[in-house]
Protein chains: 2
Amino acid sequence: MENFTVTEGTPERRYHHGDLRRTLIETALEVMREEQNWQFTLREIARRAGVSHAAPYKHFPDKAALLTALAMIGFDQLRIGLIQARSDAGEDPRAALLPMARAYVDFGNDNPALYRLMFGAEGVNRSDVHLSENAISVFDTVMDVLQRGQLDGALRRRPVRDQATACWSLLHGLTMLSIDGLLLPEKVGLEPLDAAFRTVMEGIASSDENGKMSDVR
Amino acid sequence: MENFTVTEGTPERRYHHGDLRRTLIETALEVMREEQNWQFTLREIARRAGVSHAAPYKHFPDKAALLTALAMIGFDQLRIGLIQARSDAGEDPRAALLPMARAYVDFGNDNPALYRLMFGAEGVNRSDVHLSENAISVFDTVMDVLQRGQLDGALRRRPVRDQATACWSLLHGLTMLSIDGLLLPEKVGLEPLDAAFRTVMEGIASSDENGKMSDVR
DNA sequence: ACCTGAACACCGTTCAAGT
DNA sequence: ACCTGAACACCGTTCAAGT
């Protein structure tokens, strides 16, 4: 629920050498963007930050701690992106669903290494409380818009939690497959997000034009 | 389409020291199961296989090649598990959907490190042709059962590819979230698979009991 | 036809010592 | 209150030499 930022847990300080903690995080994000993975070495980060290879250990107990901090920032950015897409779409919760889905998948494609770190990483301290809180707040954002869609009458009245589980799983799966290059156009078409979205919407939206196709045996 | 096995690409040979290639693969699978990740070192595998740390290089050009071989085996096992679940369920394609979904998610939960290696791994040679072929054949298995469900009349007549994209994404996302411990019961309930499945089925199955709830605004 | 041992250039992490 | 340099115990990978 809380809004974690880069300096979470560490009061703002300016030392003679600057804010090394933040510099390390920003350098790591840069390297991840360049190399498309999070297999960077702590020593490389230190080198690029212009400090000795031992300096990072004054700010992070180990490499896992830095990775965890990065993942937390990622969840934060993702949630902010979703909220942005929702408010851009106006008041209608139904109309916000596709833009939010697009924002989600785009985030993954724009930050593949970060997204994989957030979810698929062995290096991350997965038991970190703050990390799960940040991850969960993404889920809450999805659930919230579905809730309002139901109240609106635009969505079928089913347990919101069930619909949210389906939506989050779908988005996560789509994003991961997309990042990994497994959504081959000749297999899933040119717009897999739209295809998947249409399919799921038939299960979620209130039935209007249903029943037209009565090829039920 | 082809059926890749452990010895793919390497003719069966028995040397005085045994089939080291296969031993390395099996040892790696063991270690992954033990440590719940694929961060093992090649040297550890060699140690446990009882050979020098340089020996693996006679069978794999580098560590990425071993990881790729493991991922390929994983895709193969997954596909076999799906086919098994389908044939266990009998002739009705509609009835096979839930068992297949369960088989998919179970595979991930039973082999978390392997599953993450198959999809989320930086170490894997993702451009390997055989690897993508194995991955794609999983998709084909999903598509096949949906195709038959449509012919049967049990499923809505929509582009099969769209439905398959939605189904695969959903399963993949659900599996990944489950492995990562993000499907917290207090958030998604005790049976997230069933919840997600119900939701998507409403979008995929032929409309029978639809339209009852007419709270359309 | 396969395996070993020494060697190279790296890591992550620690710790006494510096400023 | 923070940073450095040397040191330790590892890696992945190569290669001449062994059997």
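We find that CG of A/D62 is positioned 13 Å from C1' of C/dT14, with the value rounded to whole Å. Residue A/F40 contributes atom CZ, which lies 13 Å from atom C1' of C/dG12 at whole-angstrom precision. Counting to the nearest Å, the P atom of D/dG12 and the NZ atom of B/K58 are 17 Å from each other. With rounding to whole Å, A/Q39 atom CD is found 14 Å from D/dC11 atom C1'. At whole-Å resolution of the value, CG in B/L42 and P in D/dC11 are 11 Å apart. Look at CZ on A/R21: it is 19 Å from P on D/dA1, rounded to the nearest Å. Put simply, CD1 on A/I45 is 14 Å from C1' on C/dC11, counting in whole angstrom units. Atom C1' of nucleotide C/dG12 and atom CZ of A/F60 are separated by 15 Å, given to the nearest angstrom.
Looking at A/K58, its side chain never comes within 3.5 Å of a backbone N or O of A/R21 through a donor-acceptor pair. With B/R79 contributing its side chain and B/V138 its backbone, the two residues share no donor-acceptor pair below 3.5 Å. Without hydrogens or angle criteria, A/S169 side chain to A/A166 main chain gives no donor-acceptor distance under 3.5 Å.
Of all nucleotides present, only C/dT19 satisfies the Watson-Crick or G-U wobble test against D/dA1, with each distance under 3.5 Å. C/dA7: Watson-Crick or G-U partner is D/dT13, with both key distances under 3.5 Å.
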request  = Report, as a single string ordered 5' to 3', how protein heavy atoms within less than 4.0 Å touch nucleotides 5-10 of chain C: B base, S sugar-phosphate only, - not at all.
outcome  = BBB---
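Ring geometry, A/H172 versus A/Y115: the interplanar angle falls from 30° to 60°, so the pair is classed tilted. Taking the six-membered ring for Trp and thresholds of 30 and 60 degrees, A/F75 and A/F119 have ring planes more than 60 degrees apart, a perpendicular arrangement.
As judged by a 4.0 angstrom heavy-atom cut-off over every strand, A/K63 is placed among residues touching the sugar-phosphate backbone only.
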inquiry  = Assess the residue pair A/Q150 and A/Q163 against the criterion (side chain to side chain donor-acceptor pair (under 3.5 Å)); give the C-alpha distance rounded to whole Å, side-chain angles, the decisive distance to 0.1 Å, and a yes or no.
reply    = CA-CA 11 Å; A/Q150 284 203 8; A/Q163 293 179 338; 3.0 Å; yes
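Between B/D162 and A/R198, the closest side-chain pair of non-hydrogen atoms falls below 4.5 Å.
Residue B/A55 has its side chain nearest to C/dC3 when only C/dC3, C/dT13, D/dC3 are considered.
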